[in-house]
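Please read the structure below before turning to the comments.
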Amino acid sequence: MTELHPPQGDDARGTAGTGGGASPGVPVRDIPQATVTRLATYLRVLGGLADAGTLIVSSEELATASGVGSAKLRKDLSFLGPNGVRGVGYDVLRLQARIENALGLDQGHRVVLVGVGNLGRALARYPGFDRRGFTMAGLFDSDPSIVGTRVGELTIRHVDGLESGARELGATIGVVATPGDAAQQVCDVLVRSGVRSVLSFAPTPLDVPERVEVRRVDLAVEMQVLSFNSARNDELAHASGDGRPAGMGQPCGPRSTAVKATSAPHRASSGKSGPLGPAVTRNGSVIAP
């Protein structure tokens with residue numbers, strides 16, 4: 001489960017990128033939170049298209065790859081101002097840049113991670129962060145046996161130096177991958193250092209000031225939700241006489257579709273179904289692999 005600690009007052013809607021606007025005359029705060037979540041999915045799909053050399057993508061192709069309807073996609077993109085040409089489609093690089101601007105990624109973010117256990121190491125080594133504008137700048141832990149060792153190009157620092165280290169590194173996002181009993185203390189230090197966005201993998205909720213954004217990811221709860229959905233789909237398949245084996249029910253929601261470049265480099269086409277976008281929970285939170 002991912003939990004959102006929403007900002008209060010005028011910032012209660014669309015918290016995508018406080019450092020940049022979606023487009024002139026379209027304040028970022030006017031973008032609904034659910035749309036912000038889907039924009040992140042569109043950005044991921046567009047990144048794949050750009051890497052494949054695709055120049056133009058239609059709304060139907062982009063919507064299918066993102067697991068949404070084309071009407072919803074067009075409505076979401078309307079918050080960014082005029083985009084695309086009717087009958088032609090969207091310029092992949094231009095739309096990618098506009099979404100990055102709306103999400104505040106054009107200025108980049110520096111990330112510090114606290115808790116360099118198995119999960120922390122996996123996060124620290126994940127190459128997708130840097131490609132999406134997030135630079136892993138510092139690693140911190142309290143275990144003397146790993147302090148001073150390296151993960152990739154970063155040396156693990158002792159958590160006692162977290163507050164000054166986060167300031168020194170110019171951290172804008174803090175990732176908490178510690179046991180639950182240490183998570184609140186670590187979060188407090190991050191907040192004192194000036195970090196205003198926290199991603200927590202700890203099993204306990206965090207208490208933060210109103211000006212701080214927190215997203216909490218509970219992987220066990222996510223698997224429990226998957227278990228429920230699987231059981232529900234099996235029941236629906238049985239009731240419809242599908243006759244599928246247990247665990248093989250069809251999902252009820254839209255499925256993401258992988259996008260491949262066609263032989264002509266100017267358009268995209270839909271390929272086999274696959275989990276291209278990040279998982280989106282009911283409350284609009286995102287879990288991206």
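These figures come from a predicted structure and were not determined experimentally. Computed over heavy atoms, backbone and side chain alike; hydrogens, waters and symmetry mates excluded. Counting begins at 1 with the first residue of the sequence.
Between Phe134 and His109, the angle of the ring planes stays under 30°, which puts this pair in the parallel group of the 30/60° scheme.
Residues Leu123 and Phe129 come closest through the heavy atom pair O-CE1, 3.2 Å. In terms of heavy-atom proximity, Val88 sits nearest to Ile56 at O-CG2, 3.4 Å. The two residues Gly138 and Leu169 come nearest to each other via the heavy atoms CA-CD1, 3.7 Å. Shortest non-hydrogen contact noted between Thr204 and Ala183 is OG1-CB, 4.2 Å. Listed here is the closest heavy atom pair of Val159 and Ser142: CG1-CB, 3.8 Å. When every heavy atom of Arg98 is checked against every heavy atom of Gly81, the shortest pair comes out as NH2-CA, 4.1 Å.
Placement of Val45 and Leu93 in two distinct hydrophobic clusters is found when ILVMFWY residues are connected by side-chain heavy-atom separations under 4.5 Å, directly or transitively. Under the 4.5 Å side-chain heavy-atom criterion for Ile, Leu, Val, Met, Phe, Trp and Tyr, Val147 and Leu119 are members of distinct hydrophobic clusters. Linking Ile, Leu, Val, Met, Phe, Trp and Tyr residues whenever their side-chain heavy atoms come within less than 4.5 Å places Tyr126 and Val175 in a single cluster.
The shortest side-chain heavy-atom distance between Asp130 and Met136 does not fall under the 4.5 Å cut-off. For the pair Leu73 and Arg38, the minimum side-chain heavy-atom distance is 4.5 Å or more. Residues Val191 and Asp188 form no side-chain contact, since every pair of their non-hydrogen atoms from C-beta on lies 4.5 Å or further apart. Within the 4.5 Å cutoff, the side chain of Val92 has heavy atoms near those of the Leu46 side chain. Looking at heavy atoms from C-beta onward, Tyr90 lies in side-chain contact with Leu77 at the 4.5 angstrom threshold. His238 has its side chain out of reach of Asp234: every pair of non-hydrogen atoms, C-beta onward, lies at least 4.5 Å apart. Here the side chains of Ile156 and Arg121 are in contact, with some heavy-atom distance below 4.5 Å. The side-chain heavy atoms of Val116 and Val151, taken from C-beta on, include a pair separated by under 4.5 Å.
With hydrogens and angles disregarded, no donor-acceptor distance shorter than 3.5 Å links the side chain of Ser66 to the backbone of Ala63. Between the side chain of Glu60 and the backbone N or O of Ser70 there is no donor-acceptor pair closer than 3.5 Å. Without hydrogens or angle criteria, Arg167 side chain to Arg192 main chain gives a donor-acceptor distance under 3.5 Å. The backbone N or O of Glu213 lies less than 3.5 Å from no partner atom in the side chain of Arg196, so there is not a single donor-acceptor pair. In this structure, the side chain of Arg232 does not engage the main chain of Phe228 through any donor-acceptor pair within 3.5 Å. In this structure a side-chain-to-backbone donor-acceptor pair under 3.5 Å is missing from Thr155 to Gly148. Side chain of Asn101 to backbone of Ala97: no donor-acceptor contact under 3.5 angstrom is found. Checking side-chain atoms of Ser200 against main-chain N and O of Ala202 turns up a donor-acceptor pair under 3.5 Å.
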Stepwise side-chain contact (heavy atoms from CB on, under 4.5 Å) check, Cys187 with Val208: CA-CA 8 Å; Cys187 182; Val208 297; 3.4 Å; yes
Step-by-step side-chain contact (heavy atoms from CB on, under 4.5 Å) determination, Val114 to Val189: CA-CA 11 Å; Val114 187; Val189 175; over 6 Å; no
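To the nearest 0.5 Å, the span separating CD on Glu235 from OG on Ser230 amounts to 10.0 Å. Separation of atoms CE (Met223) and CG (Asp218) is listed at 9.0 Å; rounding is to 0.5 Å. Separating the CD1 atom in Ile173 from the CG atom in Leu190 is a distance of 11.5 Å, to the nearest 0.5 Å. Put simply, CD on Glu100 and CG on Leu95 are 10.0 Å apart, with the number rounded to the nearest 0.5 Å.
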